[in-house]
There are 2 protein chains.
Amino acid sequence: MSVSALTAGNIPSYPRRIVIAGMDGCQACSVCEVRAHGICSALNDDELAQLAKAAVRVTIPPGRQFIEEDSDAGEFFNITSGTVKLFKSLPDGRRQIMGFVGIGHFLGLAVSDRYAFSAEAIDQVRLCRFSRERLETIIDEFPRLERRLRNEAANELVAAQDQMLLLGRKTARERVASFLYGQMVERYSDDIPRNARLIFPMTRADIADFLGLTVETVSRTISGLRREGLVTTGAGHEISVPTPSRLQTIARGEE
Amino acid sequence: MSVSALTAGNIPSYPRRIVIAGMDGCQACSVCEVRAHGICSALNDDELAQLAKAAVRVTIPPGRQFIEEDSDAGEFFNITSGTVKLFKSLPDGRRQIMGFVGIGHFLGLAVSDRYAFSAEAIDQVRLCRFSRERLETIIDEFPRLERRLRNEAANELVAAQDQMLLLGRKTARERVASFLYGQMVERYSDDIPRNARLIFPMTRADIADFLGLTVETVSRTISGLRREGLVTTGAGHEISVPTPSRLQTIARGEE
DNA sequence: CGTGACCTTGAATTAGCTCAATGACGGTGG
DNA sequence: CCACCGTCATTGAGCTAATTCAAGGTCACG
C-alpha cells in the first residue's frame with residue numbers, strides 16, 4: 001500500500017478541499033495547538049504563513065497505517081494530536097516499534113528518499129501533511145527551521161541510543177521500568193510527583209514490540225512490579241507509580 | 001575523566017602548537033584525506049579556510065577513551081583516519097556499542113549539552129577537534145553546512161533504527177550476518193563482489209557489545225557460519241564471504 | 001448475551017548466557 | 001632464538017531468563 005494512496009484517499013470525514021481552504025491566511029497555523037511546540041515554534045508569524053500554505057490537515061482513524069516502510073518518502077508530517085507508533089518489520093512478521101510519538105512531533109527525519117519506518121495511528125490522530133519538496137524549499141528560506149530540524153534529529157538520536165542500550169543490554173524488568181519511567185517523563189517532564197498516574201493509549205503488544213519482549217513477558221513483569229508495590233494498575237490502561245524514583249533506579253540498572 | 005583533560009594533554013608525539021601552525025592558510029584542510037568526505041565536502045575552499053581556523057588535529061592511540069558519556073559536550077570531532085567505537089554503559093559494567101565509525105564521520109550530533117555516549121579509539125585514530133561554540137558560529141554562516149549536518153543526522157537515525165530492529169527482534173545468527181553484511185557495505189558500498197574479504201579492527205568482545213550478545217555466542221555463531229560454508233576465516237581478524245547475497249538473505253530474516 | 005480483542009497466568013521449551021578449560025597469537029625480556 | 005605472559009578466541013557443559021504454547025478471564029460493543 002503506497003503512502004499517496006493512504007493520504008490522498010480514505011479520509012471521507014475530512015475532504016481535502018475544505019481542509020486547504022481552512023489553512024488560508026495562516027489562521028489555522030497561528031491558532032494551532034502545536035503553535036508553541038515542534039518545528040512551528042522556530043518561526044515567527046510571517047514565516048508561519050509560508051509554512052501554512054504548504055500544509056494540509058488530515059485526520060487519521062485509530063489503527064490506520066499511513067506510512068509504509070520503504071515507500072517513496074514524498075511527504076513529511078507534523079502531529080497535532082493523538083499518538084502514532086513508528087515501526088519496522090521483518091518478512092516473517094516480527095516487529096520492532098521505534099517509538100511512540102505525539103503532539104508536536106515532526107515525522108520524516110529518518111528518511112532518505114524512502115521512509116525508514118512504517119507509521120500507524122494508535123488513537124485518532126490529527127496531523128499536518130507537507131509535500132517534501134515544498135517543505136525543503138521553505139527550509140532553504142528559513143535557516144532557523146533548518147537548525148530546529150537538526151536539533152530534533154539530535155534529540156531523536158539520543159533517544160534512539162538510549163533504546164539501543166535498553167534492547168541490547170537490559171533485563172525485562174529494567175526494560176519495563178524504563179518504559180514506565182520514560183512515559184512519566186513525557187507526561188510530567190521535569191520532576192515527577194509521587195503517585196504519578198498514567199493512561200497508556202497503546203496495548204501490551206505494542207509495549208512488547210517496543211521493548212523487544214513478548215506480550216506475556218510484559219504482562220508478567222508488570223504483575224511482578226505490582227506485587228512488589230512499585231506500581232498499581234487500574235481500569236483501562238491506567239498505571240500509577242507511588243515512588244517514581246524507585247522505578248528510575250531499576251530503569252538505570254542500579255539494582 | 002574530563003574530555004578536555006583527554007584531548008588537551010597526553011598527545012606527546014604531536015604537540016598542539018605545531019598542529020595549529022599546520023592548519024594555517026587552509027593547507028591542512030584543502031589537502032586533507034577527508035576533503036571529499038564528511039562535512040568538509042559541503043564547503044568550498046574559502047569556507048573551508050574558515051573551518052580550518054577552528055580545527056585542531058589530534059592523534060589518539062589505540063584503546064584510549066577520548067569522550068566520556070555525560071561529560072560536558074564542549075567539543076565536536078571529525079575523524080580523518082582510524083576507527084572509533086561509540087558506546088554507553090550501565091553501572092554494573094554492561095556495555096552497548098552504538099556503532100563503529102571511521103573516516104569522514106562527524107562526532108557530536110547525538111548531543112545536548114552533554115555527550116550521550118563514550119568514545120574510544122580502536123586502532124590509531126586521527127581527527128579534527130572543534131570547539132563546539134566556534135563550530136556553531138561557523139554553521140550559522142554556512143547554511144549548506146547546517147543542511148549537511150541534518151543529512152548526517154538523518155542517516156545516523158536510519159542506521160540507529162536498523163540497529164533497534166536487530167537488537168529487539170533478530171536471532172544471534174541474523175545479528176552476526178547483519179553485522180558482516182553491514183561491514184561489507186561499508187567497505188565496498190554499492191555491490192559487493194563474491195569472495196569479499198574483510199579485515200576487522202575490532203575484537204569479538206566489541207562485536208558482541210555491538211550486537212547485544214556475549215563473546216561466546218558471537219564466536220559460536222561465526223563458527224556455525226563457517227561450518228555452513230557461508231564465511232571463511234583467516235589470520236588476524238580476517239573474514240571472507242564467498243556469497244554475500246546468502247549472508248544478506250539471512251541478515252534480512254528471510255530464512 | 002454472544003463475539004472478538006486484549007490481558008493474565010501456568011507449564012514446558014529453548015536460545016543464548018555463564019562458567020570453565022584450552023588453544024592461538026603477539027609482544028617482551030632473558 | 002625461545003620461554004613466558006597476557007590478551008583474545010574457541011569450544012564444551014550446564015543453567016536460566018525469556019519464549020512458546022495453552023487455557024482462562026475481562027471488557028467493550030453490537
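Hydrogens, waters and symmetry mates play no part in the numbers below; they use all other heavy atoms, side chains included. Lettering follows sequence order; numbering is per chain, from 1. On a predicted model such as this, the values are computed, not experimentally measured, just so you know.
- The interatomic distance linking A:L167 (CG) with D:dA18 (C1') rounds to 15 Å, in whole Å.
- Rounded to an integer number of Å, the gap from CZ of A:R94 to C1' of D:dT20 is 14 Å.
- Phosphate proximity of C:dC17 to B:T214: present, with a side-chain N or O under 4.0 Å from OP1 or OP2.
- Residue B:H237 places at least one side-chain N or O under 4.0 Å from the OP1 or OP2 atom of D:dA9.
- Side-chain N/O atoms of A:R220 and base N/O atoms of D:dT20 include a donor-acceptor pair closer than 3.5 Å.
- Across all strands shown, A:G224 has no heavy atoms under 4.0 Å from either base or sugar-phosphate atoms.
- Both A:V218 and A:R169 lie near DNA chain C, and the one whose nearest nucleotide falls closer to the 5' end is A:V218.
- One finds no salt bridge joining A:D209 and A:K85 here, because no Lys/Arg side-chain nitrogen approaches an Asp/Glu carboxylate oxygen to under 4.0 Å.
- Residue contacts shown for A:S223 are limited to sugar-phosphate atoms, with no base heavy atom under 4.0 Å away.
- For B:R204 and C:dA24, the CZ to P distance is 15 Å, given to the nearest whole Å.
- When rounded to the nearest whole Å, the span between CZ of B:F200 and C1' of D:dA9 equals 15 Å.
- Between the side chains of B:E69 and B:Y115, no donor N or O sits under 3.5 Å from an acceptor N or O.
- The existence of a salt bridge linking B:D206 and B:R95 is confirmed by a sub-4.0 Å separation between a basic side-chain nitrogen and an acidic carboxylate oxygen.
- The base of C:dC7 does not come close enough to the side chain of A:E216 for any donor and acceptor atom to sit less than 3.5 Å apart.
- Counting any heavy atom pair closer than 4.0 Å across all strands shown, A:T217 reaches a base atom.
- For A:L213, the side-chain atoms get nearest to D:dA18 when compared with the rest of D:dA18, D:dT11, C:dT9.
- Rounded to a whole Å, the CG atom of A:D206 is 11 Å from the C1' atom of C:dC6.
- Looking at the side chain of B:R226, the nearest of the listed nucleotides C:dC6, D:dA9, D:dT10 is D:dT10.
- At whole-Å resolution of the value, NZ in B:K170 and C1' in C:dG16 are 18 Å apart.
- Whole-Å rounding puts the B:I207 CD1 to D:dT10 C1' distance at 14 Å.
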Run the ring-ring contact (aromatic ring centres under 6.0 Å, His included) test on A:F117 and A:F87 for me, step by step, so that the C-alpha distance in whole Å, both residues' side-chain angles and the decisive distance to 0.1 Å come before the verdict. CA-CA 5 Å; A:F117 48 78; A:F87 61 96; 9.1 Å; no
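- Using a 4.0 Å heavy-atom cutoff across all strands shown, B:G63 reaches no nucleic acid atom at all.
- Remark: B:R129 fails to qualify as a cation-pi partner of B:F77 under the 6.0 Å distance and 45° angle criteria applied to the six-membered ring.
- In this structure, CG of A:L225 is placed 12 Å from P of C:dT9, rounded to the nearest angstrom.
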